[in-house]
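This report refers to the structure that appears directly beneath it.
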Amino acid sequence: MKKIGIIDCNNFYVSCERVFNPESIGWPTVVLSNNDGCVIARSNEAKTLGVKMGAPYFKVKEFMKEYNFFVYSSNYNLYGDMSDRVMSVIKEYANNVEVYSIDESFVDFSDLPDNNFEEKLHEIKTEVKRRTGIPVSIGVGPNKTLAKLTSSFAKKQSGYNGVCSYWSLENFNVMSYSMKIDNVWGIGRMWKKKLNKLGIKSVGDFTSLPNQTVRSLLNVNGLKTKMELEGVYCHEVKRRTKIKKHLASTRSFGSDVDDLNQIGEAMFNYIENGVRKLIHNKINTKNCTIFVAGNKHKGQGHYNSKHITLQEPTQDVNDIWTQVYPHLQSLFNKNKTYKKCGIVFHELTPESQKQLCLFTEPLEFIEKPINQNKKWEMRQEFITKRYTTSWDDLPIVK
DNA sequence: TCTGGGGTCCTAGGACCC
DNA sequence: TCTGGGGTCCTAGGACCC
């Protein structure tokens with residue numbers, strides 16, 4: 001039988017901030033999304049005080065003041081770098097590591113011997129903490145779904161000390177009737193609703209459904225989830241290939257925008273940001289989609305997008321901008337107010353595979369728009385320094 | 001005043017082909 | 001009244017994830 005693990009950083013963004021701002025340890029702490037819009041990471045203290053994931057900051061601001069919260073704007077340079085450090089420690093312990101998101105990895109531990117298995121997991125947990133300052137939880141089971149489920153026990157029940165194994169659970173089948181179905185990886189809001197309608201509330205209820213019912217109610221993914229809950233190995237652990245299917249760069253504006261020049265400057269910046277990622281991943285894009293959108297929270301749900309095929313695979317800002325801008329002009333409606341825009345690159349190919357195209361017409365580059373008052377720029381009131389990725393921001397040891 | 005950003009996969013339906 | 005039977009490819013939309 002396979003031994004699959006999930007290693008998950010606890011309250012990751014908060015933990016990153018705390019490595020460099022230890023004065024916040026023990027106090028309720030949150031990290032806000034871009035634009036300081038909503039809460040995207042919470043310390044345990046913040047969770048205990050009832051702050052919800054995704055809570056709009058302006059609604060909880062006063063409450064947080066009252067309870068002496070530490071509040072940080074998100075700092076992805078820092079988190080990305082801390083993530084790399086955590087993952088590289090994990091990779092010392094296993095060959096097959098799938099970096100699943102910025103704060104978690106699936107790991108195939110099948111090669112580890114059964115005796116001392118859990119001790120080994122505790123060792124990994126301790127070593128990650130020692131070398132990066134980031135606390136992690138580990139769940140293991142015969143597949144990803146059960147590993148995820150047990151990792152939630154590792155996190156919530158202190159008795160496990162951060163490591164929980166499916167094989168150490170007594171009588172999983174009985175327990176499964178007291179586990180809520182929406183705690184399962186792969187069952188989201190909509191599917192929960194569908195299942196609840198049929199009276200399916202627990203993991204046990206779900207696994208007692210016939211496969212056919214699950215397949216037609218949900219889709220093959222729902223069926224895979226059911227089978228994994230029953231111990232079958234369906235979702236492979238695979239090292240991620242570098243090449244994604246698409247790559248996006250989008251942002252909400254700091255304030256409303258109704259001026260093409262503002263949107264243009266924003267789009268130019270997002271293209272620059274996206275191109276930085278293309279270059280980092282050593283890939284070109286052959287076509288892209290641009291979009292502009294209103295503020296749906298204000299009932300302005302307008303959305304307009306355009307798919308654009310580029311002359312040739314590229315990772316050049318001016319190249320892309322020049323081909324995109326005329327379409328941006330035609331998407332823009334001067335009678336509307338915008339809150340967001342962005343670009344998604346498709347058909348990503350390795351830069352080494354670029355075919356030279358002899359017959360492309362030389363482009364006449366279009367100038368980048370510049371505004372004095374950048375209404376589109378995002379708000380980041382509580383940003384911390386890039387302690388690990390910028391020489392200027394290195395912490396000083398006294 | 002004020003509500004994130006970036007991914008994956010599946011399915012249904014239309015266009016088009018023979 | 002009544003209009004074949006397969007394919008493939010593409011796209012939009014919807015579900016999921018973090």
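In what follows, chains carry the letters A, B, and so on, assigned in the order in which the sequence lines appear, proteins first and then strands, with residues in each chain numbered from 1. From a predicted model like this one, the values you see are computed outputs, not experimental measurements.
Residue A:Ser249 is in sugar-phosphate contact alone, with no base atom involved, counting any heavy-atom pair closer than 4.0 Å across all strands shown. Note on A:Lys224: nothing from the nucleic acid sits closer than 4.0 angstrom, heavy atoms only. No contact: A:Lys296 has no heavy atom under 4.0 Å from any strand. In this structure, A:Lys298 reaches the sugar-phosphate backbone alone: every heavy-atom distance under 4.0 Å involves primed, P, OP1 or OP2 atoms, never a base. A:Ile187 comes within contact range of the sugar-phosphate backbone alone, with a heavy-atom separation under 4.0 Å but no base atom that close. Contact annotation for A:Asn34: backbone-only contact, meaning every heavy-atom pair under 4.0 Å involves sugar-phosphate atoms and none involves a base.
Comparing B:dG6, B:dG5, B:dT3 against the side chain of A:Lys340 picks out B:dG5 as the nearest. Looking at the side chain of A:Ser33, the nearest of the listed nucleotides C:dC16, B:dG6, B:dG4 is B:dG4. For A:Tyr100, counting side-chain heavy atoms from C-beta on, the closest listed nucleotide (B:dG4, C:dC17, B:dC10) is C:dC17. Across B:dG4, C:dC18, B:dC2, the shortest atom-to-atom separation from the side chain of A:Ser101 is found for C:dC18. Between B:dG4, B:dC2, B:dC10, one nucleotide has an atom nearer to the side chain of A:Asn219 than all others, and that is B:dC10. Distances from the side chain of A:Arg251 to the nucleotides B:dT11, B:dG6, B:dG4 place B:dG6 closest. For A:Thr250, counting side-chain heavy atoms from C-beta on, the closest listed nucleotide (B:dT3, B:dG6, C:dC18) is B:dG6. Here C:dC18 is the nucleotide among C:dC18, B:dG7, B:dG4 with the atom lying nearest to any side-chain atom of A:Asp103.
Close to B:dT8, at under 4.0 Å from its OP1 or OP2, lies no side-chain N or O of A:Lys245. Between B:dG4 and A:Arg379, no contact under 4.0 Å exists linking OP1 or OP2 to a side-chain N or O. OP1 or OP2 of B:dT3 sits under 4.0 Å from a side-chain N or O of A:Lys339. In terms of phosphate contacts, A:Lys194 brings no side-chain nitrogen or oxygen within less than 4.0 Å of OP1 or OP2 of C:dG14.
Between A:Lys148 and A:Glu228 there is no salt bridge, since no side-chain N of the basic residue sits under 4.0 Å from a carboxylate O of the acidic one. Ionic pairing of A:Asp108 and A:Lys3 is not present here: no N-O contact between side-chain nitrogen and carboxylate oxygen is shorter than 4.0 angstrom. Salt-bridge check for A:Arg386 with A:Asp393: passed, with a basic side-chain N closer than 4.0 Å to an acidic carboxylate O. We find that A:Arg131 and A:Glu92 are joined by a salt bridge, their nearest charged nitrogen and carboxylate oxygen being less than 4.0 Å apart.
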Using a 3.5 Å limit on both pairing distances, list the dot-bracket string of DNA chain B from the 5' end; Watson-Crick and G-U wobble pairs count, crossing pairs take [ ], interstrand pairs take |.
-> ....||||||||||||||
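Atom CG in A:Asn10 sits about 15 Å away from atom P in C:dC18, given to the nearest Å. Across the protein-nucleic acid pair, A:His235 atom NE2 and B:dC9 atom P stand 11 Å apart, rounded to whole Å. Atom OH of A:Tyr13 and atom P of B:dG6 are 11 Å apart (whole Å). What separates CG of A:Asp8 from C1' of C:dC17 is a distance of 12 Å, to the nearest Å. Separating the CE atom of A:Met53 from the C1' atom of C:dC18 is a distance of 8 Å, rounded to the nearest angstrom. Per the geometry, CG belonging to A:Leu247 stands 15 Å off P belonging to B:dG5, to the nearest Å. Remark: P of C:dC18 and CE of A:Met87 are 13 Å apart, rounded to the nearest angstrom. Going from atom CG of A:Asn281 over to atom P of B:dG6 covers 14 Å, rounded to whole Å.
Taking the six-membered ring where the residue is Trp, A:Trp185 and A:His235 present perpendicular rings, their angle passing 60° and hence far from 30°. Using a 30° and 60° split on the angle between ring planes, A:Tyr338 and A:Phe332 fall in the tilted class, from 30° to 60°. Aromatic ring pairs are classed by plane angle as parallel below 30°, tilted from 30° to 60° and perpendicular above 60°; the pair A:Tyr325 and A:Trp321 is tilted.
With DNA chain B read from its 5' end, the first of the two nearest nucleotides for A:Leu218 and A:His246 is the one closest to A:His246. Each of A:Asn221 and A:Ala248 lies near DNA chain B, and the nucleotide nearest A:Ala248 is the one positioned closer to the 5' end.
Note that A:Lys339 lies outside the cation-pi zone of A:Phe253, set by a 6.0 Å cut-off to the ring centre and a 45° limit from the axis.
Just one of A:Ile343, A:Asn318, A:Val317 meets the side-chain contact (heavy atoms from CB on, under 4.5 Å) condition when paired with A:Val275; it is A:Val317.
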